[in-house]
Amino acid sequence: RVLFTAGRDSIIRSWNADETSKTRNPCIKSMEHHTDWVNDIALCRNGRTLVSASSDTTVKVWDTERGFCMSTLRTHRDYVKSLGYAADKELVASAGFDKQIFLWDVNTLTALTTTNNTVTTSSLVGHKDSIYCVALNRAGTVLVSGSTERLLRVWDPRTCAKQMKLKGHLDNVKALSLNADGTELLSGSSDGTIKLWSLGQQRCVMTYRIHKEGVWCLCADESFNKFYSSGRDRMVFETDMATDESVCLLREKAPVLELELDSNDSPGIWVATTDSSVSKWSLSKQSSIDDSNEECIGNSSPLCSIPGDPGIVRVHVLNNKRHVLTKDTHENVALWDALKAIKIENLGKVDFDLEVKNRFERVYVPNWFTADSRTGMLNIRLDESDALQTWVTAKDIGLANDDARR
């Protein structure tokens, strides 16, 4: 069994998802081609193909067996935030901050070659603000999108026609889950509520007030009888839609970004958080929540975990324009050599600003690169106008003063 993950480091990785595995390094392969955050991924064609959406404004299609990027789609003009997938039709929808939704036939995308590289797509236009989430039912007959407009738009992807707008949330809509036949919908919002909608009746039939802060992710079981939710408050709940009972399964250490049910030999739920770790937790019920219970304990430890590395949050280029100081989320400071692209020294938990001051040199070197930590790693970008120029002092090459004058 293979688990695919992606995030702010711009890299998609596949892992051995068997928690009983004794493999010291469970990472199977890394797929690197994006240049900014990967916001969503969709596994298609029985796991043979993966589609990814990124803040670099592209959608990429991958061969999961070879870890190879087969094609790059550049139709979006801003961050691509969400993907929807219709498994029965092999249809993918991409949506983002450019207020547009594009539809892609996965079988067509995987058949592209250097000579046959023309892609046709349908677009759904009508949003007036940034789109944060999109969902398709399995048959590809219903598409729903949520945005900062605080409403849901329902479309027929076969004709690209708008069908209805659903109003009720008081803040951004961040998460969606459609049932298989496209008749019922769950939506989660930054207003802290989860709403169950009947698309046939075009109205909200139930509002769940489980979370005390914004709801960022939702997933439902195949029968659409239970759903799982989490977000900023770090608590993961299981809710039975027949009884309206909500049970706290666990409390994570950081806000939760994504949930994925695992119904294989050892049932559980994979939880991804902002601290870059991914863990699988048991679905066993530990505690219920009511108005008088403000604390959720739930399961105390995960079944297995894939720990993430600390991300770099501060960067400073020293004035010798070669060495770079960084500080990560664990407060560790490190010194890097930009010319050799290597880490020179781990300085530990020291004062970052004091270290910058102590390493100041009375020297002038022209800028030839910029450094940033947008992806949580140290990124060096060469200045096109100066990167290939040569600049050296007489002292550096061993010339005496008289020789240098000549």
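Residue numbers count from 1 along this sequence.
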Any salt bridge linking [X] with [Y]? Criterion: basic side-chain nitrogen under 4.0 Å from a carboxylate oxygen.
| X | Y | answer |
| --- | --- | --- |
| D262 | K280 | yes |
| D171 | R150 | no |
| D353 | R314 | yes |

List the residues meeting salt bridge (charged side-chain N to carboxylate O under 4.0 Å, His left out) with [X], not counting sequence neighbours, and say none if there are none.
| X | result |
| --- | --- |
| E355 | R359 |
| R48 | none |
| E260 | none |
| D372 | R381 |

Inspect the surroundings of [atom1] in [X] and state if more than 12 heavy atoms from other residues, nucleotides or ligands are less than 6.0 Å away.
| X | atom1 | result |
| --- | --- | --- |
| R45 | CZ | yes |
| E65 | CD | no |
| K29 | NZ | yes |
| E222 | CD | no |
| K195 | NZ | yes |
| R8 | CZ | no |

Just by modelled atom types, is the [Y] backbone N or O under 3.5 Å from a matching donor or acceptor in the [X] side chain?
| X | Y | result |
| --- | --- | --- |
| D240 | A242 | yes |
| D63 | G67 | no |
| S230 | M235 | yes |
| D233 | H211 | no |
| T64 | G47 | yes |
| D156 | C160 | no |

For S279, all residues meeting side chain to side chain donor-acceptor pair (under 3.5 Å), sequence neighbours excluded: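 S279 satisfies side chain to side chain donor-acceptor pair (under 3.5 Å) with S305 only.
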Contacts of S71 that satisfy side chain to side chain donor-acceptor pair (under 3.5 Å) - sequence neighbours left out: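 Result, side chain to side chain donor-acceptor pair (under 3.5 Å) vs S71: none returned.
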Heavy-atom side-chain contact between L73 and L109 under 4.5 Å: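 Yes, their side chains come closer than 4.5 Å.
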Validation row: I131, K81 side chains within 4.5 angstrom (heavy atoms):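 Not in contact.
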Can you list, pair by pair, the side-chain donor-acceptor contacts under 3.5 Å of residues 318-325, counting residues two or more places apart and other chains?
residue : atom : partner : partner atom : Å
N319    : OD1  : E361    : N            : 3.2
N319    : ND2  : E361    : O            : 2.1
N320    : OD1  : R322    : N            : 3.0
N320    : OD1  : H323    : N            : 3.1
N320    : ND2  : H323    : ND1          : 3.1
N320    : ND2  : E361    : OE2          : 3.1
R322    : NE   : D337    : OD1          : 3.1
R322    : NE   : D337    : OD2          : 3.0
R322    : NH2  : D337    : OD2          : 2.9

Spatial distance of atom CG (L43) from atom CG (L50) [nearest 0.5 Å]: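 Rounded to the nearest 0.5 Å, the CG-CG separation comes to 5.5 Å.
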For [X], ring-ring contact (aromatic ring centres under 6.0 Å, His included) partners two or more places apart:
| X | answer |
| --- | --- |
| H169 | none |
| Y208 | F227 |
| F102 | H76 |

Step-by-step salt bridge (Lys or Arg N to Asp or Glu O under 4.0 Å) determination, D191 to R209: CA-CA 10 Å; D191 63 14; R209 305 182 188 280; over 6 Å; no
Please list every donor-acceptor pair under 3.5 Å in which a side-chain atom of residues 132-142 meets a protein atom from a residue at least two apart or in another chain.
residue : atom : partner : partner atom : Å
N137    : OD1  : G140    : N            : 3.3
N137    : OD1  : T141    : N            : 2.9
N137    : OD1  : V142    : N            : 2.9
N137    : ND2  : T141    : OG1          : 2.9
N137    : ND2  : A180    : O            : 3.4
R138    : NE   : D88     : OD1          : 3.4
R138    : NH2  : D88     : OD1          : 3.0

Summary of ring-ring contact (aromatic ring centres under 6.0 Å, His included) pairs that have at least one residue in residues 33-53, sequence neighbours excluded: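 For residues 33-53: none.
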